[in-house]
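The structure appears below as structure tokens.
Protein chains get the first letters and strands the later ones, always in sequence-line order, with residue 1 at the start of each. The structure presented is a predicted model; accordingly, all values stated were derived computationally and were not measured.
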Number of protein chains: 2
Amino acid sequence: MDATRELTIKEIADRNGITTDTVRYYEKIGLLPRAERKMNRHRVYGPDDAERIRMIGCLKKTGMSLDEMRPYMGMYRSKEGIRPTPELHRLMEEHREKIREQIDSLQQVLDFIDDRLTEGFNRGQECALSEEKTKEPLAGFFGRR
Amino acid sequence: MDATRELTIKEIADRNGITTDTVRYYEKIGLLPRAERKMNRHRVYGPDDAERIRMIGCLKKTGMSLDEMRPYMGMYRSKEGIRPTPELHRLMEEHREKIREQIDSLQQVLDFIDDRLTEGFNRGQECALSEEKTKEPLAGFFGRR
DNA sequence: CATTGACTTGAAGTTGGCTCCAAGGGATAT
DNA sequence: ATATCCCTTGGAGCCAACTTCAAGTCAATG
């Protein structure tokens with residue numbers, strides 16, 4: 001793979017499922033560094049930029065705001081001397097925790113709906129969605145992993 | 001627990017960590033049914049409403065939009081005869097899949113950053129990060145799984 | 001040389017999800 | 001009765017994250 005190939009804004013946008021406008025927007029808000037320009041002022045992108053944009057996409061999918069991503073993006077500021085700080089570790093752990101909470105929430109929702117589901121059978125009129133999970137009604141929903 | 005106690009908008013909002021404005025907003029967009037009013041036109045809420053609101057909170061935490069929640073909320077439209085459709089099951093499975101993708105994305109991010117990290121260790125020219133524990137730099141981020 | 005098309009810019013517009021505001025209604029406390 | 005609250009309404013305002021727009025540059029093509 002030719003990892004050093006230079007891309008136009010259109011190419012790099014297409015490859016990441018976003019629009020050129022969005023790429024420029026990311027540059028504008030400083031999430032991407034100012035792209036190098038060719039003689040005709042057009043932006044050119046290298047593999048590092050591709051990685052950055054991929055990373056933004058990943059982080060977005062995990063529910064992180066563009067603003068929160070800035071520290072992560074900082075890892076690319078210089079081509080050498082990458083040094084992720086303990087601070088970054090902390091941010092990552094924090095974010096991982098957020099995702100875990102999302103999972104827990106979903107699990108609660110599943111339990112909750114399942115209670116409603118079986119209510120017809122159980123005659124239950126107790127308030128569902130209790131703090132504790134007394135059972136695993138829809139177990140296996142996460143397929144173990 | 002007095003599950004049948006009627007609550008004011010302030011009470012139900014407080015108990016769910018949202019504002020009265022937000023409760024009224026949910027009613028306005030039809031996510032909550034029009035609340036019953038007392039003679040003075042004030043809203044009154046019962047346990048079902050509390051459940052609905054807790055459910056909205058849960059679904060929100062899993063990244064669902066208010067709009068997407070509507071089908072789930074429909075489960076409360078009548079106090080009896082709750083019958084979640086196969087359609088709802090499908091929606092739930094879909095959403096569960098979305099969460100799974102979020103998890104995968106986060107995992108990708110971890111792997112990605114881990115690459116960057118080990119790159120520094122493996123052929124870091126200038127980067128003089130202390131050389132301890134070259135193995136699994138960010139291992140255990142998900143506590144296994 | 002005129003047109004096409006991909007690019008440039010700054011700025012305005014859009015959407016979702018609230019959040020705040022003004023103007024007013026009633027119950028309770030002094 | 002005046003103040004203090006919490007409530008009501010419709011509507012305006014706000015922020016993030018785009019998205020669209022207007023006006024222009026530049027290179028290649030017919």
Separation of D:dA17 atom P from A:Leu31 atom CG, nearest Å, is 9 Å
Residues A:Asn16 and A:Ala50: closest non-hydrogen pair is OD1-O, 4.3 Å
Result for 5'-nearest mapping on DNA chain C, choosing between B:Arg41 and B:Lys60, is B:Lys60
Note to self: With a cut-off of less than 4.0 Å, is there a side-chain N or O of A:Thr22 near OP1 or OP2 of D:dT19?
What the structure shows: yes
By nearest-nucleotide position on DNA chain C, the 5'-leaning member of A:Glu11 and B:Ser65 is A:Glu11
A:Glu36 with A:Arg41: basic N within carboxylate O range, under 4.0 Å = no
Assert: residue with more 5' nearest nucleotide on DNA chain D, out of A:Tyr25 and A:Asn40, is A:Tyr25
Atom CG of A:Leu7 and atom P of C:dA6 are separated, to the nearest Å, by 17 Å
Taken to the nearest whole Å, CD1/B:Ile9 to C1'/C:dG26 is 17 Å
Taken to the nearest whole Å, CD/A:Glu68 to P/D:dC15 is 17 Å
B:Arg43 bridged to B:Glu27 by N-O distance under 4.0 Å
yes
Between NE2 of A:His42 and C1' of D:dA28 the distance, given in whole Å, is 12 Å
- Query: Are any of the side-chain nitrogens in A:Glu93 or A:Arg90 under 4.0 Å away from the carboxylate oxygens of its partner?
  - Reply: no
Query raised in the report: Quick one: is D:dC6 close enough that its OP1 or OP2 comes under 4.0 Å of any side-chain N or O from B:Thr20?
Result: no
Looking for any heavy atom pair under 4.0 Å, which part of the strands does A:Lys38 touch: base, sugar-phosphate only, or nothing?
nothing
Here the distance between atom C1' of C:dC7 and atom CD of A:Glu36, to the nearest Å, is 17 Å
Taken to the nearest whole Å, NZ/B:Lys28 to P/D:dG11 is 9 Å
Would you mind checking if A:Lys98 and A:Glu94 are paired as a salt bridge, meaning a charged N to carboxylate O distance below 4.0 Å? no
In whole angstroms, the gap separating C1' of D:dA22 from CZ of A:Arg24 amounts to 14 Å
Of the listed D:dT9, C:dC7, D:dC6, the closest approach to the A:Thr8 side chain comes from C:dC7
Open item on the list: Is there a side-chain contact between A:Tyr26 and the phosphate of D:dC18, meaning an N or O under 4.0 Å from OP1 or OP2?
Closed with: yes
- [ ] Check whether any side-chain nitrogen or oxygen of B:Arg34 sits under 4.0 Å from OP1 or OP2 of D:dT8, and answer yes or no.
- [x] no
